[in-house]
Structure formats: C-alpha cells, structure tokens
2 protein chains.
Amino acid sequence: MKNMFTQSEENYLKAIFHLQEEAGEGVSTSALAELLETKAASVTEMIKRLANKNLVDYKKYYGVQLTQTGRKQALTVVRKHRLWESFLVERLNFNWDEVHEVAEQLEHIRSPKLVEELDRFLGRPAYDPHGDPIPDASGNLPKAPKKRLSQLKEGQKGVCKGFNDASSAFLKFLDDQDIGMHTEMKVMQIQSFDESMTVQVGKRQVLLSKTATDNIYVED
Amino acid sequence: MKNMFTQSEENYLKAIFHLQEEAGEGVSTSALAELLETKAASVTEMIKRLANKNLVDYKKYYGVQLTQTGRKQALTVVRKHRLWESFLVERLNFNWDEVHEVAEQLEHIRSPKLVEELDRFLGRPAYDPHGDPIPDASGNLPKAPKKRLSQLKEGQKGVCKGFNDASSAFLKFLDDQDIGMHTEMKVMQIQSFDESMTVQVGKRQVLLSKTATDNIYVED
DNA sequence: ATAAAATATTAGCTTTGCCTAAATTTTAAT
DNA sequence: ATTAAAATTTAGGCAAAGCTAATATTTTAT
C-alpha cells in the first residue's frame with residue numbers, strides 16, 4: 001500500500017517537524033532521541049528507513065531534514081493531533097493539561113473521512129486548546145508570529161496565547177497559578193541575575209523562572 | 001506495565017469472544033485464522049502467548065476458551081468498538097456501513113477517561129448502530145435473545161434489530177433494499193427448495209436468500 | 001595542532017507477530 | 001480397525017523497532 005506509514009515512522013516525522021520549527025536546519029540524532037525517549041542508535045536506524053522512503057534528507061553525521069513529502073505527512077499528523085485535542089477539551093470535558101497522551105494515540109488513526117468530519121463537527125477550529133495553530137486539510141499552517149513572555153519589558157502587558165512546553169507538569173503548574181489561554185498578565189519586575197519575572201495575574205503576583213517565561217507565548 | 005495488551009492480543013481476544021458467543025465451547029484455530037485473516041500457525045503461536053498471560057484456557061488440539069480475565073478484557077474492547085461506531089454514525093455523519101474499519105482502529109485507544117466521557121457524551125447508548133448491545137463499564141452485556149429473520153413463518157412480521165454479518169458488502173446490499181435498523185418487514189413467501197424469502201419492505205417486495213435471512217435479526 | 005569529549009554510526013541481539021513447510025494429532029471413511 | 005483427509009502444531013525464517021557495546025567522526029579545549 002502506498003502512502004502508509006507505521007506509527008513509529010509518523011512519530012519520527014512529527015518530532016523532526018517540531019524540532020525543525022524551532023531550531024531550523026538539520027535536526028540532530030540526539031535531539032530526536034531525547035524527544036522520542038529512545039536511544040541514538042535507534043534513531044539512526046529509523047532515519048535511514050525514512051531516507052529510503054524519501055521522507056527526509058539525511059547526511060551522515062550532519063542531521064536530518066524533512067523533504068516536501070515528509071513535511072506534508074508530518075503536517076497531517078499534527079493536524080490530527082490538534083483536532084483531537086480540541087475534541088477532547090471541547091466535547092469530552094478533558095482538561096487541557098491531560099489531553100496530550102490520548103491525542104498521541106488518536107493522531108495515528110487512519111481515515112481521511114474521519115478527519116474531515118471531525119474538523120466539521122468542531123466548527124473548523126483554527127487553534128487547539130494550547131493555542132497552537134491547526135494545519136488545514138492541504139497542510140497550510142497559519143503561523144502567527146509568536147512572542148515569548150520573556151521578551152516583554154517591565155510594565156508591559158500581554159495576553160497568553162500558547163505554550164511551547166506542553167508537558168503535563170508544566171501545564172499543571174500554570175493551572176495552579178491561574179494561568180491559561182487568554183489570561184492577561186502584566187510584567188511587574190524582572191530579576192536581572194536570573195531573568196525571573198514577577199507577573200501580575202488577576203489580583204495575584206506570581207514569580208516565573210526564565211525557563212517558564214520562555215515557554216509562554218503572548219500577544220500584546 | 002500490568003493490564004497492557006498489544007493491539008494484536010486485543011484483536012485475538014475479541015475474535016475469540018465473538019466466536020464463543022455464537023458457537024459456544026472451544027474455539028478452533030482455523031476459525032480464528034479465518035476471522036483474523038491470518039494463518040493457523042500464527043494463531044497457535046498467539047494462543048500460547050495468551051495462555052501464558054492467563055487470558056485463555058488452551059488445550060492443544062482442542063481449541064481455546066476465554067478465562068474470566070480474558071472475557072473481561074474482550075468486553076472492554078467490544079465496548080469501545082461499539083461506542084466509537086455510535087459516535088461515528090450519530091455525530092460524524094458516517095453511514096452505518098462504513099464505520100467498521102475505523103472503529104477497528106479506535107477500539108485500541110487506551111484511556112479509561114476517554115471511554116467514560118465518550119459514553120456520557122453519547123448519552124450512554126445501549127445499542128450500537130448495527131443493533132448490537134454495548135457492554136457497560138463493568139462488562140455487563142445486556143443480551144436480548146435474538147431471533148433470525150429466517151426463523152419467521154410466512155405471514156409473520158418482524159422489526160429489524162441487528163445484523164450478524166457486518167461486512168460492508170452485506171450492509172450496502174441491505175441499504176439498497178431499503179432495509180435498516182428498525183425497518184418493519186413481513187414474510188410473504190418462503191421458497192421451499194432453497195429457503196429464500198420474499199419479504200414486504202414498505203411498499204416493495206424483496207427477495208432474500210437464506211444466507212441473508214440468517215444474518216438479519218428481528219424482533220416480532 | 002592535537003587530545004579529550006561529545007555525537008553518531010555500526011554490529012549484533014531481542015521481542016512481536018507473521019509466514020511456509022514439515023511433522024503430528026484428530027476425525028472421517030471405508 | 002485401518003487409513004486417508006483435515007486440522008493443528010512445530011521448526012525455521014523474516015521484518016520492524018528497540019537495546020547495548022564497540023567503533024568512527026566531529027567538536028572543543030588546551
């Protein structure tokens with residue numbers, strides 16, 4: 001069968017896509033290994049398989065990049081992932097910090113009709129519950145140029161529009177601080193020695209590390 | 001991890017369950033091989049794995065039966081399959097004859113919360129779009145004693161309540177004859193030489209082979 | 001410039017799940 | 001009761017995808 005990829009292959013394509021998005025250029029074996037929670041040796045092996053199928057360009061020792069075909073395939077997986085996340089949160093009462101794991105499974109379901117109907121059923125959403133854009137059926141990704149909370153200066157305000165680190169721990173932490181999508185925040189103070197920030201959220205003040213503020217996207 | 005089964009294992013458990021339902025007693029290697037579209041040798045192998053995990057009782061050359069644990073697991077898969085079929089038909093505009101393949105994939109998604117919320121979202125349906133009962137969360141299956149259309153006598157009426165053969169071809173055939181869930185039918189004539197039936201459906205008369213009438217369940 | 005450290009790749013093994021061919025057991029037919 | 005046919009199991013392979021240990025290449029630090 002043509003156009004059929006294993007779950008593992010799809011996971012690699014998606015991972016390469018994400019790493020390429022933020023780092024650009026060639027994606028390293030070790031970065032992939034870390035993201036996919038596997039060993040470098042296994043990554044090398046899979047990369048060769050993908051290269052044989054013309055899904056990636058691979059030059060030994062110099063990392064890997066998606067081809068046009070590979071990128072297209074990665075985008076259909078991302079699309080499915082984000083549509084399912086939307087479904088889980090908006091129709092099935094999932095909290096936005098507990099959808100990731102299930103969406104990782106659902107994203108591999110093969111059925112063009114299912115994806116199309118799900119999209120329609122949800123009212124063709126443009127963004128998922130984490131504020132990430134949902135690619136359309138032809139693989140166009142409406143990329144809003146994102147600004148990090150860490151880029152704001154003291155006194156500036158921003159509205160939370162997304163998160164980079166979608167780990168359950170991070171999202172739970174944010175929830176505890178009453179920070180979520182569309183939450184308004186004002187930068188009160190920035191510590192020069194570690195770049196941590198004191199931020200006004202509603203009537204509370206919250207201290208956020210540089211790691212945290214790097215992972216929160218805002219619109220001002 | 002305990003309580004974790006591969007997709008393949010789940011497929012075998014479900015297949016054994018279905019064959020046990022209609023044939024009772026021990027399920028033969030060849031019956032499984034045919035249903036699962038695989039070879040007898042592969043079945044034997046898998047059966048041994050399942051026996052080691054105490055999901056089935058197996059006596060060489062004498063077929064296989066589910067243990068309590070195995071039956072329970074099979075029922076959770078059946079539950080998921082039928083809930084997803086309901087979702088596809090009732091919310092995503094799928095036709096009841098095109099859901100099977102997709103549900104075969106969705107039934108393997110692992111997430112107790114997802115199943116519970118899906119059930120709630122659908123209004124805790126008791127039957128799936130084919131008229132088959134949906135097991136509840138604790139694995140209780142409300143079994144309505146089913147009667148086959150082929151068991152009716154001339155002149156008797158019946159209301160269609162389910163189908164045994166869920167093949168796409170069969171379901172499409174029924175659709176073409178305007179026969180679906182809850183369709184009322186009246187037996188006009190039975191051919192003695194091949195047991196085929198002439199049936200009144202709405203204002204049309206339809207000729208159904210014995211094979212067909214054996215696979216249509218009715219309530220009278 | 002070169003040695004040490006960090007990265008990447010290869011080689012060889014493991015498990016799952018399937019296959020074919022050969023051997024065994026059960027069942028059916030004389 | 002034998003024996004042929006049918007069903008089942010065993011033996012030996014194969015591909016996907018992972019792992020560890022050993023080797024090779026690139027980068028970094030002296």
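Chain identifiers are assigned alphabetically (A, B, ...) following the order of the sequence lines, protein sequences preceding nucleic acid strands; residue numbering begins at 1 within each chain.
- Whole-Å rounding puts the A:Phe5 CZ to D:dA16 P distance at 14 Å.
- A sub-4.0 Å separation between OP1 or OP2 of D:dT8 and a side-chain N or O of B:Ser30 is present.
- Positionally, the nearest nucleotide of DNA chain C for A:Ser28 lies more toward the 5' end than for the other of A:Ser28 and B:Glu37.
- When each of B:Ser42 and B:Lys53 is assigned the nucleotide of DNA chain C bearing its nearest heavy atom, the one mapping closer to the 5' terminus is B:Lys53.
- Whole-Å rounding puts the B:Arg49 CZ to D:dT9 P distance at 15 Å.
- If you check every strand for non-hydrogen atoms under 4.0 Å, B:Thr29 touches sugar and phosphate atoms only.
- When heavy atoms are screened at a 4.0 angstrom cut-off, A:Lys59 is found touching no nucleic acid atom at all.
- Distance, B:Met46 CE to D:dT9 C1': 16 Å, rounded to whole Å.
- A close approach under 4.0 Å does not occur between any side-chain nitrogen or oxygen of A:Lys39 and OP1 or OP2 of D:dA21.
- Within the 4.0 Å cut-off from OP1 or OP2 of D:dA24, not a single side-chain nitrogen or oxygen of A:Tyr61 is found.
- Counting all heavy atoms, side chain and backbone alike, B:Tyr12 lies closest to B:Leu50 at CB-CD1, 3.8 Å.
- For the pair B:Arg91 and B:Phe121, the distance from NZ or CZ to the six-membered ring centre is under 6.0 Å and the angle to the ring normal is within 45 degrees.
- The separation between A:Tyr62 atom OH and C:dT7 atom P is 15 Å, rounded to whole Å.
- Looking at B:Glu9, its side chain does come within 3.5 Å of a backbone N or O of B:Thr6 through a donor-acceptor pair.
- As judged by a 4.0 angstrom heavy-atom cut-off over every strand, B:Thr44 is placed among the base-contacting residues.
- Nearest nucleotide to the side chain of A:Ala41, out of C:dA11, C:dA21, C:dG17: C:dA11.
- In this structure, A:Lys59 forms a cation-pi arrangement with A:Tyr62, its terminal cationic atom sitting closer than 6.0 Å to the ring centre and no more than 45° off the ring axis.
- Under a 3.5 Å cut-off, the side chain of B:Gln105 and the backbone N or O of B:Val102 do not form any donor-acceptor pair.
- Remark: B:Thr6 is in phosphate contact with C:dG17, judged by side-chain N or O atoms under 4.0 Å from OP1 or OP2.
- Nucleotide C:dG17 holds its P atom 15 Å from the CG atom of B:Leu32, rounded to whole Å.
- Within the 4.0 angstrom heavy-atom criterion, only backbone atoms of the sugar-phosphate kind lie near A:Ser8; the bases stay farther away.
- Taking atom OH of A:Tyr58 as the reference point, atom P of D:dT25 lies 12 Å away to the nearest angstrom.
- Rounded to an integer number of Å, the gap from CD1 of A:Ile47 to P of C:dT9 is 7 Å.
- Side-chain nitrogen and oxygen atoms of A:Lys60 include none within less than 4.0 Å of the OP1 or OP2 phosphate oxygen of C:dT7.
- Relative to the ring axis of A:Phe94, B:Lys113 places its NZ or CZ within 45° and under 6.0 Å from the centre.
- Picking from C:dC18, D:dG18, D:dT10 the nucleotide with the shortest atom distance to the side chain of B:Glu45 gives C:dC18.
- Counting to the nearest Å, the P atom of D:dA16 and the CG atom of A:Leu50 are 12 Å from each other.
- Remark: A:Tyr12 is in phosphate contact with D:dG18, judged by side-chain N or O atoms under 4.0 Å from OP1 or OP2.
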